[in-house]
Amino acid sequence: MTAKATLREQILTDLQKMDRATYEQRSRAIAEQLFQEEIWRKAVTIGITIARFPEIATQSIIERAWQEGKTVSIPETNNKSKAMQFRVYKEGDELCKKALGLYEPLESAVVVPKTKVDLLIVPGVLFRTDGYRIGFGAGFYDRYLMDYQGATISLCYREQVTADFMPEPHDLPVQKLVIENNLK
């Protein structure tokens with residue numbers, strides 16, 4: 001197992017010990033921090049995943065975006081090509097569960113061109129304070145970020161921030177981290 005894989009497995013195991021009430025409380029607190037960020041306020045179209053436990057819950061973020069009149073887009077992945085694109089996600093839209101257990105939009109949902117996504121909320125497992133991250137291992141976001149020009153931000157629990165890994169040449173940092181309790 002690689003060092004990254006070991007670190008990924010260790011933090012996910014630790015986070016999965018969190019009880020549901022704590023998970024929901026911590027996720028809401030981090031979402032509130034996000035809503036104070038200027039790049040959130042300026043964004044018209046956001047790209048965001050439908051999170052799975054123990055990732056920071058994204059449903060309240062999606063609902064807030066809809067309330068604020070933002071366009072929400074969620075990723076659709078192609079496991080064969082390892083490509084990802086975002087499609088519009090509206091309240092009440094049906095989703096499909098993919099092989100990795102992710103909920104994704106139906107193919108009938110409108111594709112959002114990469115140039116139209118103002119803010120991409122990039123998921124991850126571990127983060128360095130300079131924005132580099134260890135993702136879930138499939139590489140979808142690393143490939144998507146290669147020519148993405150919009151703002152990038154990641155949300156993380158305190159224990160997800162570490163200096164215990166070195167970025168690889170293909171890794172691209174996010175521009176901003178929203179770390180639980182504003183520890184930056």
Side-chain angles (χ1 to χ4, degrees), residues 1-9 11-12 30 34 37-52 54-56 58 61-62 65 70-89 95-157 160-179 184:
M1 188 177 292
T2 67
K4 271 188 174 182
T6 301
L7 286 168
R8 180 185 299 118
E9 186 177 300
I11 190 66
L12 287 172
I30 294 166
L34 170 66
E37 295 290 336
E38 185 176 344
I39 58 176
W40 169 265
R41 291 191 300 268
K42 287 183 174 181
V44 175
T45 302
I46 65 166
I48 189 169
T49 61
I50 305 291
R52 313 172 283 179
E55 291 178 89
I56 292 162
T58 55
I61 296 168
I62 292 167
K70 297 180 188 302
T71 299
V72 174
S73 62
I74 60 174
E76 172 192 39
T77 57
N78 181 318
N79 286 330
K80 287 182 183 170
S81 68
K82 296 294 185 191
M84 178 173 73
Q85 65 182 354
F86 283 78
R87 291 183 182 268
V88 172
Y89 176 51
L95 299 172
C96 60
K97 192 170 186 177
K98 287 288 202 75
L100 298 174
L102 298 172
Y103 284 95
E104 298 189 8
L106 300 179
E107 288 183 10
S108 58
V110 175
V111 172
V112 178
K114 199 180 279 195
T115 56
K116 298 292 184 193
V117 178
D118 304 306
L119 174 61
L120 187 60
I121 300 173
V122 181
V125 179
L126 285 167
F127 302 89
R128 290 174 23 142
T129 56
D130 60 3
Y132 284 98
R133 58 183 262 289
I134 293 178
F136 287 87
F140 287 109
Y141 277 86
D142 290 322
R143 281 185 283 286
Y144 191 86
L145 289 170
M146 285 192 305
D147 61 350
Y148 175 72
Q149 299 297 312
T152 57
I153 196 166
S154 287
L155 314 175
C156 51
Y157 302 112
Q160 288 181 284
V161 180
T162 184
D164 290 347
F165 70 92
M166 291 299 298
E168 295 177 8
H170 65 272
D171 291 336
L172 296 169
V174 295
Q175 296 162 342
K176 178 142 183 88
L177 294 180
V178 173
I179 304 169
K184 294 182 182 175

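Quantities reported herein were computed from a predicted structural model and do not represent experimental measurements.
The closest donor-acceptor contact from the side chain of R52 to the backbone of L102 lies at 3.5 Å or more, if one exists at all. The closest donor-acceptor contact from the side chain of K42 to the backbone of D118 lies at 3.5 Å or more, if one exists at all. Between the side chain of Q160 and the main chain of I11, no donor-acceptor pair closer than 3.5 Å is present. Side chain of R133 to backbone of V125: no donor-acceptor contact under 3.5 angstrom is found. Judged purely by atom type and a 3.5 angstrom limit, K98 has no side-chain atom pairing as donor or acceptor with the backbone of E104.
Counting heavy atoms from C-beta on, the side chains of L155 and I61 come closer than 4.5 Å. The side-chain heavy atoms of I62 and I50, taken from C-beta on, include a pair separated by under 4.5 Å. In this structure the side chain of Y103 never reaches within 4.5 angstrom of the side chain of I74, judged on heavy atoms. Considering only heavy atoms from C-beta on, D142 comes within 4.5 Å of D171 through its side chain. Taking 4.5 Å as the limit, some side-chain heavy atom of I121 sits within range of a side-chain heavy atom of L34. Using a 4.5 Å cut-off on side-chain heavy atoms (C-beta onward), L119 and K70 make no contact. Residues H170 and M146 are not in side-chain contact: their nearest non-hydrogen atoms beyond the backbone lie 4.5 Å or more apart.
A51 and T58 make their closest contact through N-OG1, 3.1 Å (heavy atoms, listed as atom of the first residue, atom of the second, distance). For P173 against Y132, the heavy-atom pair with the smallest separation is CD-CE2, 3.5 Å. Closest of all the heavy-atom pairs between P167 and R128 is CD-NH1, 3.3 Å. Here the closest non-hydrogen pair linking I46 and W40 is CD1-CZ3, 3.8 Å. Closest non-hydrogen pair, R87 versus P105, comes out as CB-CG, 3.6 Å.
Here L95 contributes atom CG and E76 contributes atom CD; the two are 11.5 Å apart, rounded to the nearest 0.5 Å. The CG atom of L126 sits 9.5 Å away from the SG atom of C156 when rounded to the nearest 0.5 Å.
F86 has its ring centre less than 6.0 Å from the ring centre of Y144.
For E38, the CD atom is loosely surrounded, since the number of other residues' heavy atoms within 6.0 Å does not exceed 12.
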